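Keep in mind that what you see is a predicted model, and the values were worked out from it rather than measured.
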Amino acid sequence: MDQEYERRLLRQINHQNLPAESRVTKSLGAACSPVSVKCGDRFIPTRAGSNWSINFHYANENCRSPAQNHKAKDASSDSSKDAVAYAALLRNELLGAGIETVAEPHTDDRRHEVLAQDSYSLFRYTVHTKRVPCDRGNEVSPFSLSPLSNKSHKLLRSPRKPARKISKIPFKVLDAPELQDDFYLNLVDWSAGNLLSVGLGACVYLWSACTSQVTRLCDLSVDGDSVTSVCWNERGSLVAVGTHKGYVQIWDAAGGRKLTCLEGHSARVGALAWNGEQLSSGSRDRVILQRDVRTPPSAERRLQGHRQEVCGLKWSPDHQHLASGGNDNKLLVWNSSSLVPVQQYSDHLAAVKAIAWSPHQHGLLASGGGTADRCLRFWNTLTGQALQSTDTGSQVCNLAWSKHANELVSTHGYSQNQILVWKYPSLTQVAKLTGHSYRVLYLAVSPDGEAIVTGAGDETLRFWNVFSKTRCTKESKSVLNLFTRIR
């Protein structure tokens, strides 16, 4: 072959292999300078620090849309655990890693970090003189036909934690005629005695979860009034009923009789919260009244801080702080002695009805915003700092924490009408439940902490098993670890 022809052919091949920017740069450089650049005929890449499993994983993800990636991650929770076990088995047999237990794959970053650490070279040019003492108790028999090592046998015998599966179908559905489709009302509550109270129109009904018996507690149509909120006390013996005319009635559930009727509000009472023998009520008149049901009605505390209707009230587990949410997009925290809020949060862009105190971490408060906000936000009420927040994609109507694990459930309205179960503090979705055709405006948790009931404007009550009764032992109880601000 002619040498000049061979040189031109190699130069053309090298030019085609270069990126577009390099070709443009070299062409400009050649036009400006008569000096020719000599290019080699071979390219040998450096693969010393490559992690092929991660690169291959990213290459597959880049070929799919974000929605497909999210569905694939949700559908492959079990297969990801199998993949981790298989990768550990290969590391044992090929690289001598000595892995005996399979780590739980929490997130993709954690898994990549595990794969990247302790990198071994496939080809070893040094002989390890240090012998690893063998475990005689678990040593494989010399007559075994299995090609696996002792460590791999331990790995395969190690117990695996089964994945918790949440049924996406409610285990019970009840008809609830005249259940109002009003975001500012709270018409469903579950007592410690396993009685469910539901406000339907002008009546309050009690449904026994043990016997499925339904009884009518009260009827306000005689007075031309209607029910706007219901709330059980902690013992489950008394139920407070807020009315459209601004009254708060206290009823004895067992006897079926009205004990007292509290006045003081000039508009409907949409939010109620018990704190021992004290009852807090929030109204459309923008006032929160705190009254002790054992004392005369004149002994009351008036808390004025909201500029619009009060639609959410929750006392902290230690009975020291009251959180209130309003239609003015404000979340206020009050203590048991002051008449002015001790903390005020203004990050929400819509009404704050969904409020829940964590039973696991002291001072942790969660809140959710309405249609214009759609965000879940978490607050450190000990320091006044804002923690994580996430956009749920739809109106947040209710929040409730699990009693046994660091998880919470949220119900939503416009536009998806779904129920979401979250793991905290990672804020990963554990489950998404659908079935209501209207906004899921009402939520209550069963006394054992396993089931929830949801109500919507489609006039149905749906019961779901969402929480596990086994307490997670890995969750951190340290306040210092919990309240690390995430930027």
Trainee: Look at the side chain of Asn327 and the backbone N and O of Ala351, then say whether any donor-acceptor pair between them is shorter than 3.5 Å.
Mentor: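 No: the side chain of Asn327 does not pair with the backbone of Ala351.
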
Trainee: For His436 and Gly413, indicate whether the former's side chain and the latter's backbone hold a donor-acceptor pair under 3.5 Å.
Mentor: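 Side chain of His436 to backbone of Gly413, a donor-acceptor pair under 3.5 Å: no, none is there.
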
Trainee: Here's a test for you: under side chain to side chain contact (heavy atoms under 4.5 Å, CB included), which of Leu313, Leu272, Leu279, Leu238 qualifies with Cys231?
Mentor: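 Option passing the side chain to side chain contact (heavy atoms under 4.5 Å, CB included) with Cys231: Leu272.
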
Trainee: Would the distance check show the side chain of Asp225 and the main-chain N or O of His244 forming a donor-acceptor pair, the cut-off being under 3.5 Å?
Mentor: yes

Trainee: Please answer whether the main-chain N or O of Ala267 pairs with a side-chain N or O of Ser283 as donor and acceptor at a distance below 3.5 Å.
Mentor: yes

Trainee: If you round to the nearest 0.5 Å, how far is OG of Ser226 from CZ of Arg268?
Mentor: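 With rounding to 0.5 Å, CZ (Arg268) is 9.0 Å from OG (Ser226).
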
Trainee: Once the angle between the rings of Trp190 and Phe463 is folded into 0 to 90°, is it parallel (under 30°), tilted (30 to 60°) or perpendicular (over 60°)?
Mentor: perpendicular

Trainee: Please round to the nearest 0.5 Å and tell me the distance separating atom OG of Ser167 and atom CG of Asn465.
Mentor: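 The CG atom of Asn465 is 7.5 Å from OG of Ser167, to the nearest 0.5 Å.
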
Trainee: Between the main-chain N or O of Ser338 and the side-chain N or O of Asn335, is there a donor-acceptor pair closer than 3.5 Å?
Mentor: yes

Trainee: For the pair Trp379 and Val333, evaluate side chain to side chain contact (heavy atoms under 4.5 Å, CB included) and give the outcome as yes or no after the intermediate values.
Mentor: CA-CA 11 Å; Trp379 316 91; Val333 178; over 6 Å; no

Trainee: Compare every heavy atom of Asp318 with every heavy atom of His362, then report the nearest pair and how far apart it is.
Mentor: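 Nearest heavy atoms, His362 then Asp318: CE1-OD2, 3.0 Å.
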
Trainee: Does Ser446 reach the main-chain N or O of Ala451 with its side chain, forming a donor-acceptor pair under 3.5 Å?
Mentor: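 Yes.
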
Trainee: Examine distances only and state if a side-chain atom of Asp175 and a backbone atom of Thr460 form a donor-acceptor pair shorter than 3.5 Å.
Mentor: no

Trainee: Taking the side chain as C-beta and beyond, is there a heavy-atom pair between Val241 and Val248 under 4.5 Å?
Mentor: no

Trainee: So, does Glu459 use its side chain to make a donor-acceptor pair with the main chain of Glu178 at under 3.5 Å?
Mentor: yes

Trainee: Going by the side-chain hydrogen bond (donor to acceptor under 3.5 Å, both in side chains) test, name the single residue among Gln416, Arg374, Arg439, Gln418 that passes it with Ser394.
Mentor: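 In the set Gln416, Arg374, Arg439, Gln418, the residue that makes a side-chain hydrogen bond (donor to acceptor under 3.5 Å, both in side chains) with Ser394 is Gln418.
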
Trainee: Which heavy atom of Ile355 sits nearest a heavy atom of Leu331, and at what distance?
Mentor: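 The pair with the smallest heavy-atom distance is CD1-CD1, 4.0 Å.
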
Trainee: If you apply the rule side chain to side chain contact (heavy atoms under 4.5 Å, CB included), what do you find for Leu217 with Ser197, and how did you get there?
Mentor: CA-CA 9 Å; Leu217 180 66; Ser197 61; over 6 Å; no

Trainee: Considering only heavy atoms from C-beta outward, does the side chain of Trp401 approach that of Leu364 to under 4.5 Å?
Mentor: yes

Trainee: Do other residues, nucleotides or ligands put more than 12 heavy atoms under 6.0 Å from the OH atom of Tyr247?
Mentor: no

Trainee: Return the CG to CG distance between Leu339 and Leu303, rounded to the nearest 0.5 Å.
Mentor: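 Output value for this atom pair is 6.5 Å.
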
Trainee: May I ask you to decide if Val269's main-chain N or O and Ser229's side chain share a donor-acceptor pair within less than 3.5 Å?
Mentor: yes

Trainee: What's the separation between atom CH2 in Trp251 and atom SG in Cys218, rounded to the nearest 0.5 Å?
Mentor: 5.0 Å

Trainee: Drop me the distance from Tyr438's OH to Asp181's CG, to the nearest 0.5 angstrom.
Mentor: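 Going from OH on Tyr438 over to CG on Asp181, the span is 7.0 Å.
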
Trainee: So, the side chain of Thr228 versus the backbone of Gly242: is there a donor-acceptor pair under 3.5 Å, distance only?
Mentor: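 Checking the backbone N and O of Gly242 against the side chain of Thr228, a donor-acceptor pair under 3.5 Å is found.
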
Trainee: Does a donor on one side chain sit under 3.5 Å from an acceptor on the other, for Asn406 and His360?
Mentor: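 Note: Asn406 and His360 side chains miss the donor-acceptor criterion.
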
Trainee: Quick one, Tyr345 and Val352 - any side-chain contact, counting heavy atoms below 4.5 Å?
Mentor: no

Trainee: Is the shortest side-chain heavy-atom distance between Val293 and Thr260 below 4.5 Å?
Mentor: no

Trainee: Which heavy atom of Ser358 sits nearest a heavy atom of Pro317, and at what distance?
Mentor: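 Heavy atoms of Ser358 and Pro317 come nearest at O-CG, 3.8 Å.
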
Trainee: Is it true that Lys330 and Asp328 have a side-chain N and a carboxylate O under 4.0 angstrom from each other?
Mentor: no

Trainee: OG1/Thr454 to NE2/His412 distance, rounded to the nearest 0.5 angstrom?
Mentor: 12.0 Å

Trainee: How would you list, by chain and number, every residue that makes a salt bridge (Lys or Arg N to Asp or Glu O under 4.0 Å) with Glu234, sequence neighbours excluded?
Mentor: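 Glu234: no salt bridge (Lys or Arg N to Asp or Glu O under 4.0 Å) contacts found.
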
Trainee: Which pair of heavy atoms, one from Gly455 and one from Leu461, lies closest together, and at what distance?
Mentor: CA-CD2, 3.7 Å

Trainee: Which atom names give the shortest non-hydrogen contact between Tyr442 and Ala456, and what distance separates them?
Mentor: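 Here Tyr442 and Ala456 meet closest at CD1-N, 4.3 Å.
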
Trainee: Can you find a pair of side-chain heavy atoms, one from Val287 and one from Gln304, that are under 4.5 Å apart?
Mentor: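 SC-SC contact between Val287 and Gln304 confirmed.
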
Trainee: Do Ile166 and Leu433 have side chains that approach each other closer than 4.5 Å (heavy atoms only, starting at C-beta)?
Mentor: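 When only atoms from C-beta onward are counted, Leu433 and Ile166 do touch, with a gap below 4.5 Å.
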
Trainee: Could you check whether Glu309 pairs with Lys353 (Lys NZ or Arg NE/NH1/NH2 to Asp/Glu carboxylate O, under 4.0 Å)?
Mentor: no

Trainee: For side chain to side chain contact (heavy atoms under 4.5 Å, CB included), just list the numbers for Gln395 and Phe183, CA-CA rounded to whole Å, side-chain angles, deciding distance to a tenth of an Å, and then say yes or no.
Mentor: CA-CA 10 Å; Gln395 178 188 42; Phe183 176 79; 3.3 Å; yes

Trainee: Is there a side chain to side chain contact (heavy atoms under 4.5 Å, CB included) between Leu441 and Leu185 once you walk through the steps?
Mentor: CA-CA 8 Å; Leu441 297 175; Leu185 307 186; over 6 Å; no

Trainee: Between Arg235 and Glu277, is the salt bridge (Lys or Arg N to Asp or Glu O under 4.0 Å) condition met? List the steps.
Mentor: CA-CA 10 Å; Arg235 293 193 299 269; Glu277 300 298 332; 3.3 Å; yes

Trainee: Would you check if Phe467 and Lys403 make a side-chain contact, meaning some heavy-atom pair closer than 4.5 Å?
Mentor: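 No. Closest side-chain heavy atoms not under 4.5 Å.
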
Trainee: Compare all side-chain heavy atoms of Ser266 with those of Asp285 and state whether any distance is below 4.5 angstrom.
Mentor: yes

Trainee: Return the minimal non-hydrogen interatomic distance between Ala176 and Leu200, and the atom names on each side.
Mentor: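 What the structure gives for the nearest pair is CB-CD2, 3.9 Å.
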
Trainee: Mind telling me whether Trp357 and His321 have parallel, tilted or perpendicular rings, with 30° and 60° as the class edges?
Mentor: tilted

